[in-house]
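Report on the following structure.
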Amino acid sequence: MPATRVLTTAVFVTDPKTHETILLQPGTEVSDPAIADQITHPDAWTPEPPRQPRRGKAQAS
C-alpha cells in the first residue's frame, strides 16, 4: 500500500491518465505514486514524523 503524504503548498502536476495539468491545494493527501513522483521539492510536503524504533518483546514490559 503506498504511503499517503500531505501537501503544504499548492502544486501543479500532470494527471497521468488524462495528461491534463491539475492544481493540488495545500492539505491535499496524495497516495498515487504517479502524482507524488512529480512533486520533487521537499518543502511541498508536510514533514514526516520521526520513525519510532519497534519495540521487541523484551522492551514491551
Side-chain angles (χ1 to χ4, degrees):
M1 182 171 162
T4 299
R5 297 185 69 191
V6 179
L7 292 170
T8 60
T9 188
V11 296
F12 286 96
V13 294
T14 302
D15 185 299
K17 296 174 186 145
T18 65
H19 303 287
E20 295 178 324
T21 300
I22 56 174
L23 173 63
L24 300 177
Q25 297 290 336
T28 299
E29 294 181 356
V30 179
S31 60
D32 184 343
I35 299 277
D37 289 346
Q38 296 179 57
I39 306 168
T40 59
H41 198 292
D43 291 342
W45 300 105
T46 57
E48 293 185 25
R51 291 183 176 225
Q52 298 294 324
R54 294 187 75 174
R55 294 173 34 167
K57 290 183 182 179
Q59 295 174 329
S61 311

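Positions are given from 1, in the same order as the sequence printed here.
- Across all non-hydrogen atoms, the minimal contact from Ala44 to Val11 is CB-CG1, 4.2 Å.
- Taking both residues in full, the closest heavy atoms of Thr8 and Thr46 are given as CG2-CG2, 3.1 Å, listed atom of the first, atom of the second, then distance.
- Under a 4.5 Å side-chain heavy-atom criterion applied to ILVMFWY residues, the cluster that includes Leu23 comprises Phe12 as well.
- Heavy atoms only, all atoms of each residue included: Leu24 and Val30 are closest at CD1-CG2, 4.2 Å.
- Take Asp15 and apply the side-chain contact (heavy atoms from CB on, under 4.5 Å) test, not counting sequence neighbours, and it matches Lys17, Thr18, Ile22.
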- Test side-chain contact (heavy atoms from CB on, under 4.5 Å) applied to Val6 and Trp45, step by step: CA-CA 6 Å; Val6 179; Trp45 300 105; 5.9 Å; no
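- Pro16 approaches Asp32 most closely through the heavy-atom pair CG-OD2, 4.4 Å.
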- side-chain contact (heavy atoms from CB on, under 4.5 Å) between Ile39 and Val13, intermediate numbers included: CA-CA 7 Å; Ile39 306 168; Val13 294; 3.8 Å; yes
